[in-house]
Peer 1: 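So that we are looking at the same thing, I have put the structure below in structure tokens.
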Amino acid sequence: MLEERIAAYLRAKLTGAEGVAVSDLRRIPGGASRETWAFDARWRQDGEERGQGFVLRRDPDASLLETDRNVEFQVMGAVSGEGIPVPRMFWLENDGAWLDRPFFVMERIDGCETSPTKVLMDPQFFPGRARLAEDFVQILARIHALDWSRAGLATLGVPKDAASCAITQIEAWEAVVDRDALEPQPVLRAAFRWLRRHLPREAQRIVLVHADYRTGNFLCAPDGQIKGILDWELTHLGDPLEDVAWAAIRPWRWLGNELVGGLMERRDYYRRYEAASGLSVDEESVRFWEVLGNVKLAAIFLTGAHSFCDGRTRSPMMAFLSRNNSRLELEIMDLMGV
Amino acid sequence: MRPNALEALRGVQAALMESIVPELSTMYAQDVSQVLQMLIESLAGEWDSAADDLVRDNRRLVELLSQARGALQPLAASNGDIGPLVQQLDETLAAKADDSLRLSSLTARNNALRGALEQVLVRIEDATGRPGTEALTPVRKALYDHLRQVSVRGWSFWDMASFREKMAALRAGGAA
């Protein structure tokens with residue numbers, strides 16, 4: 001039983017704890033790159049009864065992404081003291097000795113919602129929409145203002161200069177398509193060529209790029225407050241407009257309209273971000289990053305499809321998502337203007 | 001044979017919604033069931049037209065690649081990459097197509113043709129804007145027009161409102 005094995009793990013980690021008991025273990029939807037489990041734990045320590053809600057993120061058999069759990073653990077730990085809301089990180093295990101596969105454990109933040117369906121379509125969240133939109137932009141600006149060197153995040157790999165941020169990302173995602181495409185990908189291949197011919201202005205500064213900052217990747221309280229930013233596994237150092245554009249791509253608008261993240265008009269989004277970050281939003285550069293964002297998402301789905309077709313996973317999500325690539329291709333061609 | 005595949009898929013969807021989902025007690029299981037619904041919807045959407053789409057696509061791809069070959073051939077003398085590409089196009093176009101209407105056969109031919117199209121499109125993108133490549137402009141447009149027609153048939157996961165409408169129509173007994 002997974003519950004028992006987690007309890008045994010906690011007994012080893014909680015020094016001086018007695019009577020460790022785990023309950024209400026449940027798998028949480030989403031987080032397709034890792035299994036996500038929530039549970040409660042109770043124990044006695046120093047004569048007191050203690051309890052904590054935890055989230056455990058375990059490597060899957062196969063994933064949408066081959067990401068580095070160390071990056072996610074390290075970055076979330078580093079940014080938590082920098083005014084960026086993230087769950088507190090507890091432990092990282094890089095081998096499968098405890099739970100068959102590597103995993104990490106973090107704080108569970110209760111009373112919040114991540115599902116875009118709930119956040120954008122459930123009336124209980126409607127009154128908090130204005131605050132949510134404001135938090136969304138303010139926190140993004142804070143991530144970009146973070147002194148990544150002081151936070152010990154130069155280990156993520158510092159781009160050789162501000163002009164190289166875009167080409168580094170093109171090469172990274174082209175390599176994913178090279179590795180995982182099971183069929184010809186004329187639109188993606190053409191897009192990579194288009195991207196190389198339409199490089200954006202050089203980054204205004206090199207910042208910590210979350211790289212999956214969007215509606216669906218934050219913990220939202222009913223009053224609209226964002227209490228935690230999630231899914232930091234693609235984080236790297238690069239161009240802030242990469243995040244600005246990613247949050248705005250069509251798949252994360254969710255409602256079938258043009259609102260960025262389902263939250264605000266694009267002009268409003270740019271204006272708020274510029275005010276909060278002190279950076280300017282160049283629309284042609286954003287277009288480049290939006291094309292790359294859609295290409296990146298298509299590449300991620302190709303990885304999932306490859307895993308599914310290889311039999312490394314039976315997740316219906318992996319099968320379903322790559323079947324959406326044709327609509328991503330349409331969006332890519334629209335953005336390319338072809 | 002009745003029920004046909006589409007009718008059977010609709011039955012599977014209805015059974016999922018009416019008999020299985022109400023019994024699911026965890027959010028994770030409910031989420032998986034929703035993904036299954038969307039996956040089935042995606043499969044159902046292409047079932048009836050899949051073979052016809054591939055036959056038409058393959059026919060159109062042959063026309064487009066022939067057009068591209070004609071535009072590329074004159075550039076072969078001045079661009080060393082073009083000659084091998086033209087040769088590859090000749091081989092792809094000359095390959096005898098299987099008469100079978102099996103989806104696997106049609107898809108294999110489609111992949112071969114799209115693979116050639118991929119090579120052509122990449123070369124055209126590299127050449128775009130260079131002097132002496134004006135003849136490629138209408139080819140480029142025709143290739144993208146075709147790719148757009150193919151892409152527009154797809155279905156998107158991100159429009160939750162439209163998915164809910166589809167499911168509501170199914171629950172009401174209509175074809176979504």
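For the numbers below, each heavy atom of this structure counts, side chains included, while hydrogens, waters and symmetry mates do not. To find a chain, count down the sequence lines: A is the first, B the second, and so on, and within it residues start at 1.
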Peer 1: Would you mind checking which part of A:Asn257 comes under 4.5 Å of any heavy atom in chain B, side chain (CB onward), backbone (N, CA, C, O), both or neither?
Peer 2: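 It is neither, since no heavy atom gets under 4.5 Å.
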Peer 1: Locate the shortest heavy-atom distance separating A:Ala190 from B:Val122; write the atom from each residue and the value.
Peer 2: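 For A:Ala190 versus B:Val122, the nearest heavy atoms are N-CG2, 4.5 Å.
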Peer 1: Using 0.5 Å steps for rounding, measure from the CZ atom of A:Arg193 to the CZ atom of B:Arg123.
Peer 2: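 It is 6.5 Å, given to the nearest 0.5 Å.
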Peer 1: Quick check on the interface: out of B:Val35, B:Leu39, B:Leu43, B:Leu121, who has the most heavy-atom pairs with chain A under 4.5 Å?
Peer 2: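 The answer is B:Leu39.
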Peer 1: For the CG atom of B:Asp145 and the CE atom of A:Met333, what is their distance to the nearest 0.5 Å?
Peer 2: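 Output value for this atom pair is 9.5 Å.
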Peer 1: For chain B, which of A:Pro316, A:Ser326, A:Ser315 has the most heavy-atom pairs under 4.5 Å?
Peer 2: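 Winner by heavy-atom pair count: A:Ser326.
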Peer 1: Counting only heavy atoms not in A:Phe125 (residues, nucleotides, ligands), do more than 12 fall under 6.0 Å from its CZ?
Peer 2: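 Result for CZ/A:Phe125: enclosed.
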Peer 1: Heavy-atom count around A:Glu265 CD within 6.0 Å, excluding the residue itself: above 12?
Peer 2: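 Atom CD in A:Glu265 is not packed in, count stays at 12 or less.
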Peer 1: Please round to the nearest 0.5 Å and tell me the distance separating atom CZ of A:Arg197 and atom CG of B:Asp126.
Peer 2: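 Here the rounded value is 8.0 Å.
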Peer 1: Got a second to check how far A:Leu330's CG is from B:Arg153's CZ, nearest 0.5 Å?
Peer 2: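 That separation rounds to 12.0 Å.
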Peer 1: Please look at B:Ser42 and chain A and tell me whether the side chain, the backbone, both or neither of the residue comes under 4.5 angstrom of a heavy atom of that chain.
Peer 2: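 Both backbone and side chain.
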Peer 1: Nearest 0.5 Å, what's the CZ-CE distance between A:Arg27 and B:Met27?
Peer 2: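 That separation rounds to 12.5 Å.
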Peer 1: Could you tell me which of A:Gln185, A:Arg26, A:Arg196 has the largest number of non-hydrogen atom pairs under 4.5 Å with chain B?
Peer 2: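 If we count pairs closer than 4.5 Å to chain B, A:Gln185 comes out on top.
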Peer 1: B:Gln119 versus chain A, heavy atoms under 4.5 Å apart: side chain, backbone, both or neither?
Peer 2: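 No part of it gets close to chain A.
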Peer 1: Would you compute the distance between atom OG1 of A:Thr117 and atom CG of B:Asp31 and round it to the nearest 0.5 angstrom?
Peer 2: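 Taking OG1 in A:Thr117 and CG in B:Asp31, the distance rounds to 9.0 Å.
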